[in-house]
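In the text below, chain A, chain B and the rest are named by the order of the sequence lines, each starting its count at 1.
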Protein chains: 2
Amino acid sequence: MEEVKEFYSVEEKKLARYAKALSHPVRVYICDILSKQACCYSGDLAEEVPIARSTLSQHLKELKNSGLVQGEINPPKIKYCLNKENWAEAQQLFKEFFK
Amino acid sequence: MEEVKEFYSVEEKKLARYAKALSHPVRVYICDILSKQACCYSGDLAEEVPIARSTLSQHLKELKNSGLVQGEINPPKIKYCLNKENWAEAQQLFKEFFK
DNA sequence: CCTTCGTTTCGTAATTTTACGAAATACGAA
DNA sequence: TTCGTATTTCGTAAAATTACGAAACGAAGG
């Protein structure tokens with residue numbers, strides 16, 4: 001039972017998931033910042049980026065759901081950082097994909 | 001005039017565009033095939049992939065619009081291949097992005 | 001306890017994506 | 001010219017994405 005036979009490979013689905021997370025310029029921008037300097041707070045981003053804070057929050061949520069980014073509670077702020085493990089996985093998947 | 005001041009960089013927008021093209025497993029799958037073996041026909045893909053031909057055609061159109069794939073008319077078929085130039089650009093963008 | 005700060009969730013609306021089958025198109029062959 | 005093959009476009013519908021402001025939330029400070 002339960003033998004649905006998935007057509008796409010695990011790698012293909014993972015890559016599509018990461019690609020989806022990066023399919024909006026603001027999310028690429030956020031990852032650029034996090035990968036270059038370090039972690040940062042939602043409020044810091046909100047001051048730079050030309051979108052509403054609530055919209056930014058949604059994008060951060062998507063990045064968290066994809067696994068590329070994680071948020072550490074640091075009251076009263078929340079510090080966002082790359083999830084190094086998943087970042088490395090995505091890097092590897094794209095590298096393999098393109099070669 | 002026309003000085004709208006774009007917030008995101010050209011690279012960020014390009015990467016987001018390529019990422020969007022790869023944000024669905026079937027499109028990753030198609031690119032996998034094209035990058036591994038060679039070119040192929042829509043009909044060949046249609047026999048493998050578990051979606052309607054018209055839906056497949058839409059996905060191919062998106063890949064064409066992104067620039068990653070190109071189609072050569074070869075009556076009565078259409079042969080799809082990677083666009084090597086844009087493929088290399090995407091590869092480079094992702095490489096830079098992840099490092 | 002009440003307020004403030006930083007952030008997210010809710011409610012909503014417009015747009016885009018994904019999917020299908022039917023119809024249209026393009027072209028070579030009969 | 002009519003037929004058959006290969007593929008795309010059209011029409012449509014359901015679901016997801018993107019965006020905003022208002023409201024809610026949790027923790028620290030007065």
Please find the pair of heavy atoms, one from [X] and one from [Y], that lie closest to each other, and give the distance.
{"X": "A/S23", "Y": "B/K20", "result": "CB-CA, 3.6 Å"}
{"X": "B/A90", "Y": "B/L68", "result": "CB-CD2, 3.9 Å"}
{"X": "A/L22", "Y": "A/C31", "result": "CD2-SG, 4.0 Å"}
{"X": "B/G71", "Y": "B/K64", "result": "N-CD, 4.1 Å"}

Is A/N83 reaching over with its side chain to a backbone N or O of A/Q70, donor-acceptor style, under 3.5 angstrom? no
request  = Ignoring hydrogens and angles, state whether a donor on the side chain of A/E72 or A/Y80 is under 3.5 Å from an acceptor on the partner side chain.
outcome  = no
If I take atom [atom1] in residue [X] and atom [atom2] in nucleotide [N], what distance separates them, rounded to the nearest angstrom?
{"X": "B/R53", "N": "C/dA24", "atom1": "CZ", "atom2": "C1'", "answer": "16 Å"}
{"X": "B/I78", "N": "C/dG28", "atom1": "CD1", "atom2": "C1'", "answer": "15 Å"}
{"X": "A/N65", "N": "D/dA16", "atom1": "CG", "atom2": "P", "answer": "14 Å"}
{"X": "A/E72", "N": "D/dG26", "atom1": "CD", "atom2": "P", "answer": "20 Å"}
{"X": "B/L60", "N": "D/dA6", "atom1": "CG", "atom2": "P", "answer": "16 Å"}
{"X": "A/L63", "N": "D/dT18", "atom1": "CG", "atom2": "P", "answer": "11 Å"}
{"X": "A/K64", "N": "C/dT9", "atom1": "NZ", "atom2": "C1'", "answer": "12 Å"}
{"X": "B/L45", "N": "D/dA6", "atom1": "CG", "atom2": "P", "answer": "14 Å"}

**Prompt:** Considering only heavy atoms from C-beta outward, does the side chain of B/L93 approach that of B/F98 to under 4.5 Å?
**Reply:** no
Exercise. At under 4.0 Å, does any side-chain N or O of B/S42 touch on OP1 or OP2 of D/dT8?
Worked result: yes
Tell me if the centroids of the rings in A/F7 and B/Y29 come within less than 6.0 Å of each other. yes
Quiz prompt | Ring centres under 6.0 angstrom apart (A/Y18, A/W87) | solution = no
Contact string for nucleotides 13-19 of chain C, one letter per nucleotide 5' to 3', B = base within protein heavy-atom range under 4.0 Å, S = sugar-phosphate only, - = neither, reads ---SSBB
Rounding to the nearest 10°, end axes of the helix from C/dC1-D/dG30 to C/dA30-D/dT1 built from five pairs each make an angle of 0°
